[in-house]
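To start, the structure under review is shown below, and the notes come after it.
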2 protein chains.
Amino acid sequence: MQSIMAEQLSDNTTTALNCRGSAFQTKCGNCRLNAICLPIAVQEPDLDALDTVVHRNKPLRKGDHVFRENDNFNSIYAIRSGFVKAYRLTDDGKEQVTGFYFPGEIIGMDGISQNKHSISAKALETAAICEIPFDDIESLSTRFPSMQRHLFSLMSQEIIQDQQLITLLSKNTAEERISALILSISDRNAARKLSTTSFRLPMSRTDIGNYLGLTVETVSRVFSRFQKNNILEVNNKEITILDLEAIRSIISPQQEA
Amino acid sequence: MQSIMAEQLSDNTTTALNCRGSAFQTKCGNCRLNAICLPIAVQEPDLDALDTVVHRNKPLRKGDHVFRENDNFNSIYAIRSGFVKAYRLTDDGKEQVTGFYFPGEIIGMDGISQNKHSISAKALETAAICEIPFDDIESLSTRFPSMQRHLFSLMSQEIIQDQQLITLLSKNTAEERISALILSISDRNAARKLSTTSFRLPMSRTDIGNYLGLTVETVSRVFSRFQKNNILEVNNKEITILDLEAIRSIISPQQEA
DNA sequence: CGATTCGTTGAATTGAGTCAACGAGAGTGG
DNA sequence: CCACTCTCGTTGACTCAATTCAACGAATCG
């Protein structure tokens, strides 16, 4: 039981420590996240080639940066465990959270166009990160077309995600925004074969509010309201979805055609 | 003189008709927009190769689609003249405008990851569009690394732009959003060597509101307020920036550190 | 274990939305 | 050329969802 717990947690929260054991030396071919992080398109030979260029750096602690805004762009990063928050500073010095990233997901592609990062990425808790130098990726990409396509694909996905967030921010109420975030996390947990209904939110209420364009107070109130209506069970950062359908219906209100 | 006029207009509004004349057959190397649309990185041989794959389709009329959401993804498109609005339908059937595109700019890369377009793109007025099959681009990209990098760069730029919009939507007031849009258009006009202070907004108030997450009424009120405060002169879609500094200062309020 | 940050709740305020009316232009047809 | 329609933009009055301000309890961390 205890060990199942550990396994459960292993790419959820306190993982990174375990990484010294197995994950830390794992090759991409063995990594159980590769279905997410790598393309199905990338085949055997590509994979071996990729392995030779991936740096498996030592784990970051909570608050450490993967990279910072304006850092030179050299690499992209795959999250092996832990959670990462991406953000940038607005002209007037406030923080704008632009995304949360989960194990198996890729960050850093924002830097390609200007050769420096346009956002900062910091670990929300202990995190293990694979670093992949972009030069290597580029040359691999010219050799393995499937690799190139995957990269294009990743970036294009990022664009689609951003546009969904744009819609969320410009059209939806506080309840809808928060429902969407919860559902997004639930879906991403599904991809990692974790519970879709019960999980720990790795980020603070402040970060949630910032990301969704709401104040902390509003976020808190919505959580409370959801709890009162038996849609969610909220226990600090632990949440359990009690009524998934309710959440879905909040996001897509009945079309009033 | 007449011909200069035509040339002048050629990437502004009513162009497309003239395109049969000169622009329509122009090669990328001659097109005066290539500094925007193509990378500085793309050198002579790449350029010639590119020319062989670009289709210069017949002009679109106002309201025609460049492509539609869920269309198969085959090509990306460079706008040679006219203006394009990108939008997608939300789950509950409403329209979300995701961007406005000007001559020299590239659209369609949203389709790469899913092999179908995630947004629709329609001409806001008569528009001439260069179509570039993505298969060709991919194979060119493996042959010309500078080309590949440029593509990555374009997509990465799109991500940065989207993230700026996200910030705008989640943190800024109606006045700030509209100021930002005006300034963005002004800047893009600068890149095309057009007036930065006096221009025609190619999109409707409704589209502006939709894009910025505001209602038509609010957009209209802000324009009126700006006019009253001698920041803008508004004449229907024609606007003249009277006080650029005021607009800038609206966007970046004094840091209250 | 105290300090500091984080989260929750309440009361008052407000910026933008909604509803409604109207005017200006663009296009159509007699 | 005028009358008619339809869409688009503007303005006003009212409403409301979310913010702001404030206070307090809970969690986390040296």
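Just so we're clear, the structure is a prediction, and the values are computed from it rather than from any experiment. Chain naming here is simple, since letters A, B, ... match the order of the sequence lines and numbering starts at 1 in each.
- Mapping V219(B) and N236(A) onto DNA chain D via the closest heavy atom, the residue that lands nearer the 5' end is V219(B).
- Nucleotide dA26(D) holds its C1' atom 17 Å from the CZ atom of F223(A), rounded to whole Å.
- Rounded to whole angstrom, the span from the CZ atom of R200(A) across to the P atom of dG7(C) amounts to 10 Å.
- Residue K116(B) qualifies as open at atom NZ: its count of foreign heavy atoms under 6.0 Å is 12 or below.
- By the 6.0 Å and 45° rule, R205(B) stacks over the aromatic ring of F223(B).
- For dT19(D), the OP1/OP2 oxygens have a side-chain nitrogen or oxygen of T218(A) closer than 4.0 Å.
- Shown here for I106(A) and A78(A), the closest heavy-atom pair between the two residues is CD1-CB, 3.8 Å.
- Among dT9(C), dG9(D), dT8(C), the nucleotide with an atom closest to any side-chain atom of S224(A) is dT9(C).
- One can place CZ of R205(B) at 10 Å from P of dT11(D), the figure rounded to the nearest angstrom.
- Between R61(A) atom CZ and dG30(D) atom P there is a gap of 11 Å when expressed in whole angstrom units.
- Heavy-atom neighbours of K237(B) NZ from other residues, nucleotides or ligands within 6.0 Å: above the threshold of 12.
- Rounded to whole angstrom, the span from the NZ atom of K237(B) across to the P atom of dG9(D) amounts to 5 Å.
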Practice item. Taking Watson-Crick and G-U wobble pairs with both distances under 3.5 Å, convert DNA chain D into its dot-bracket string, 5' to 3', dots for unpaired and | for cross-strand pairs. Key: ||||||||||||||||||||||||||||||
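- Rounded to whole Å, atom C1' of dG15(C) lies 11 Å from atom CG of L214(B).
- Atoms CD1 and CD1, on I129(B) and I76(B) in that order, are 12.5 Å from each other to the nearest 0.5 Å.
- Note: I119(A) CD1 to M109(A) CE = 9.5 Å, rounded to the nearest 0.5 Å.
- Judged purely by atom type and a 3.5 angstrom limit, S81(B) uses its side chain to pair as donor or acceptor with the backbone of A128(B).
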Show me the protein contacts with nucleotides 12-14 of chain D, counting only N or O atoms at under 3.5 Å.
| from | atom 1 | to | atom 2 | distance (Å) |
| --- | --- | --- | --- | --- |
| dG12(D) | N7 | R221(B) | NH1 | 2.9 |

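- One interatomic measurement links the two molecules: CE of M203(B) to P of dC8(D), which rounds to 15 Å at whole-angstrom precision.
- Side-chain N/O atoms of T215(A) include none lying less than 4.0 angstrom from OP1 or OP2 on dA18(D).
- Looking at heavy-atom distances under 4.0 Å, G209(A) makes no contact with the nucleic acid at all.
- Going from atom CD of E175(A) over to atom C1' of dA17(D) covers 10 Å, rounded to whole Å.
- Contact annotation: S220(A) side-chain N/O to dT8(C) OP1/OP2 distance is under 4.0 Å.
- Here Y101(B) and F83(B) keep their ring centres 6.0 angstrom or further from each other.
- One finds the CD atom of Q157(B) at 11.0 Å from the OG atom of S118(A) (value rounded to the nearest 0.5 Å).
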